[in-house]
Protein chains: 2
Amino acid sequence: MLDVRRLRLLRDLAHLGTIAAVAEAHTYTPSAVSQQLAALQREAGVRLLERAGRRVALTPAGAALVRHTEVVLAALEAADATLAGARAGLSGSVRIGAFPSAVRTLLPPALVALARDHPALDLMVTELDPVDVPAALRDRRLDVALLHDYDTVPVEPDRALDSTPLLDETVYLAVAAGTDPAADPIEGARHANWIVGSPGTLCHAVARHACQLAGYQPTVRHQADDFTAALALVAAGQGVALVPQLAVNQPPPGVRLLPLAIRRRTRVAYRKGAASHPAVAACVAALHATAAAFPGDDPPGRHDEPPPGGPPSAA
Amino acid sequence: MLDVRRLRLLRDLAHLGTIAAVAEAHTYTPSAVSQQLAALQREAGVRLLERAGRRVALTPAGAALVRHTEVVLAALEAADATLAGARAGLSGSVRIGAFPSAVRTLLPPALVALARDHPALDLMVTELDPVDVPAALRDRRLDVALLHDYDTVPVEPDRALDSTPLLDETVYLAVAAGTDPAADPIEGARHANWIVGSPGTLCHAVARHACQLAGYQPTVRHQADDFTAALALVAAGQGVALVPQLAVNQPPPGVRLLPLAIRRRTRVAYRKGAASHPAVAACVAALHATAAAFPGDDPPGRHDEPPPGGPPSAA
DNA sequence: CAGACACGTAAGCTGAGCTGATGCTTGACG
DNA sequence: CGTCAAGCATCAGCTCAGCTTACGTGTCTG
């Protein structure tokens, strides 16, 4: 019978790419990971890895094994969830990850509701960029996390994760008040200075991608990860910025918001199998309840998946 | 993350009933199993077992955990199967279990075909009664096994196993040549001496059950597990016996066979997830091929499940 | 009401699996 | 083309999880 701990290392290797990274994620030394993977390979009787330059790559057999591993891990997660359900009362800790603007807006009401309904729950919030969410969930540094799904920058679904939709918002181009609106605002901003997120964040990627679709490279003048800061810069005539609806409840004076075709969909993600974990389910439900009260015009027509309970789709 | 080795112990406890039996199945001491289950319970945070007299019983939470465990184990078995598929050529050992009459009739041609087509395969045959098959498969003492499914004595499907149908035979009541056939042969044998299998075997249970349905307890005169022996006794006027079609290709003189409504369905069983194991699949295919050539009038109308490939049903 | 059966606990020992040190190969850079 | 760092593999050594053995406790049986 294959050892699940070793399979987990192989699975993480598939995602992280190097043994060193896997070791770091598990707080092991690379040596330990190397030994365990060698042992796994020995008992598998098939080559699972092969050196590719100075790193290692999975063989087809290794990749196939990883796919099976995802199933095993999801089943174990589900087992854990029913155990948590059997434990009297909702307790334990839930680590929630979210992007900055959600931490400011969406999360506080949800946390208040959760703390009221389940006092034994230890809620821990971590602010992080959506691009880091999948790895954080997989490595069990988080249990629940919010991420985005821009239609312009599609994220491929992660086999280890599930998610349910939360919000569907309009994205605006924030320009200085005096600006004339163009037919296509993005096209109109071809020669403008841009205020974007720092490189490596999703915001940064979305802005660049939107301009790329319009056929140009944006002139980046400022970098601001905080939308309030970005809007202040826009109001100061420093340039234009992409802002989602959630960030602009009350736009500062001196800013004009031009609605774009881009939509930002926010989802709650968790490890596959964890949907039935009562604490995770409570968090997801609380987030849904909070999101319903938010301005995000989440159109009923698209709501094919019922917020809680229904079968979640891959994140 | 729950430890699969411990989950396996819990799963086996659910089937075997006592820690001592689980220990024996794993060639551990009972103490070791007790300690591991205690550890599992500790990390689960829920009572999984409770003393029931001098044994232990699963709590509802424990039973739920066992159900999840079956999924995990099936996924691991499937992983194993794909690895076996990735290993060049068909090799390794397959332990096949079968009831005595199949070992005499059905198995030899299948073994010859398998040895011819896959010389690297180590085939090991074990003769055992169908009642012992599920436990033997679960405990990995066997990989593939034949079992029966009399409609009069229904076996509840085993969550850990899958199976596909092989043969569907008529069961006969063997009586001495001079006997007058009654409308209902079983009813007619109310006052006859019976020749049945030894207690604890499926044959024994089927005979008793058939008589019970007719409203009487059979007078057991002889016990013979071998059908040839039983038929010899019948020919010698020592009593009546139930024999399946497979056992009576050429009935000895002095025996009359009265067809009954009882049917004996033979199935090939294996651990869930092992269906895709190439060696297991080869065995199952070979058995199907052999069975097709046998007199078992397996009616096409009932054959809703295609022999190989189709989704197997629980054993 | 002894005796056997079954589980739990305590103590002690062994090996799986970790760390840390070392060496090899690969790719980047001047 | 030489140098350096990144990354993996291997070896030796140590530690602790988890096994066995021994014994105690509760419970069904003849």
Side-chain angles (χ1 to χ4, degrees), chain A residues 1-59 61-63 65-66 69 76 135 139-140, chain B residues 1-59 61-63 65-66 69 76 135 139-140 199-200:
Chain A
M1 179 80 18
L2 294 160
D3 184 343
V4 174
R5 292 179 59 246
R6 290 169 176 168
L7 289 175
R8 230 168 84 92
L9 294 177
L10 187 73
R11 196 272 308 245
D12 291 349
L13 179 64
H15 287 290
L16 299 173
T18 80
I19 290 184
V22 175
E24 196 187 0
H26 287 254
T27 57
Y28 283 165
T29 57
S31 170
V33 176
S34 175
Q35 288 176 49
Q36 290 304 307
L37 289 177
L40 178 63
Q41 188 163 225
R42 204 178 320 121
E43 64 184 345
V46 195
R47 284 200 69 73
L48 300 173
L49 316 170
E50 50 193 3
R51 297 284 310 228
R54 57 184 168 186
R55 17 182 58 193
V56 287
L58 292 185
T59 63
L65 195 50
V66 167
T69 302
L76 284 173
D139 296 352
R140 322 190 127 256
Chain B
M1 181 80 19
L2 293 160
D3 184 343
V4 175
R5 290 181 60 245
R6 290 169 176 167
L7 288 175
R8 229 168 85 90
L9 294 177
L10 187 73
R11 195 274 307 247
D12 291 350
L13 179 63
H15 288 290
L16 298 172
T18 79
I19 289 184
V22 175
E24 197 187 359
H26 287 252
T27 55
Y28 284 165
T29 57
S31 171
V33 176
S34 176
Q35 288 175 47
Q36 290 304 307
L37 289 177
L40 178 63
Q41 188 163 227
R42 203 178 320 121
E43 65 185 343
V46 197
R47 282 199 72 71
L48 300 173
L49 316 170
E50 50 195 1
R51 297 283 311 226
R54 58 182 168 184
R55 22 182 58 193
V56 287
L58 292 184
T59 62
L65 194 50
V66 167
T69 302
L76 284 173
D139 296 353
R140 323 189 128 255

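Order of the sequence lines fixes the chain letters, A, B, ..., with proteins taken first and strands second; residue numbering starts at 1 for each chain.
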Return the minimal non-hydrogen interatomic distance between B/Ala25 and B/Asp139, and the atom names on each side. CB-OD2, 3.6 Å

Does the side chain of A/Leu10 come within less than 4.5 Å of A/Leu58's, by heavy atoms? yes

Looking at B/Arg54, I'd like to know whether one of its side-chain N or O atoms comes within less than 4.0 Å of OP1 or OP2 on C/dG3. no

Separation of B/Gln35 atom CD from D/dA17 atom P, in whole Å? 13 Å

Here the distance between atom P of D/dA9 and atom CG of A/Leu13, to the nearest Å, is 10 Å

Under 4.0 angstrom between B/Arg6 side-chain N/O and D/dG18 OP1 or OP2: yes

Whole Å only: how far is the CG atom of B/Leu49 from the C1' atom of C/dC7? 11 Å

Among the nucleotides D/dG7, D/dA9, C/dG8, whichever has the atom closest to the side chain of A/Thr18 is D/dG7

Look at the side chain of B/Ser31 against the base of D/dT21 and say whether a donor-acceptor pair falls under 3.5 Å; ignore hydrogens and angles. yes

Proximity to the side chain of A/Arg55 - top-ranked nucleotide from C/dC7, D/dG7, C/dA10: D/dG7

Between A/Thr29 and C/dC18, is there a side-chain N or O to OP1/OP2 distance below 4.0 Å? no

Distance check: side-chain N/O of B/Ser34 vs OP1/OP2 of C/dG8, anything under 4.0 Å? yes

Using modelled atom types and a 3.5 Å cut-off, is there a donor and acceptor pairing between side-chain atoms of B/Thr59 and backbone atoms of B/Arg47? yes

Assign B/Gln36 to base, sugar-phosphate, or nothing according to its heavy-atom contacts below 4.0 angstrom with the strands shown. sugar-phosphate

Note, B/Leu37 side chain near B/Val56 side chain (heavy atom, < 4.5 Å): no

Whole-Å gap separating C1' (D/dC16) and CG (B/Asp3): 15 Å

Gap between atoms CD and C1', on B/Glu50 and C/dC7 respectively (whole Å): 14 Å

So do the side chains of A/Leu49 and A/Leu13 get within less than 4.5 Å of each other, counting heavy atoms only? yes

Toward the 5' end of DNA chain C, which comes first, A/Ala52 or A/Tyr28, by nearest nucleotide? A/Tyr28

If you only use heavy atoms from C-beta on, which nucleotide in D/dG7, C/dT19, C/dC7 is closest to the side chain of A/Ala32? C/dT19

Given atom CD of B/Glu43 and atom P of D/dA17, what is their separation to the nearest angstrom? 12 Å

DNA chain C: 5'-proximal contact among B/Ala21 and A/Pro30 (nearest heavy atom): B/Ala21

Given atom CG of B/Leu40 and atom P of C/dG8, what is their separation to the nearest angstrom? 13 Å

In whole angstrom, what separates B/Arg51's CZ from C/dG8's C1'? 7 Å

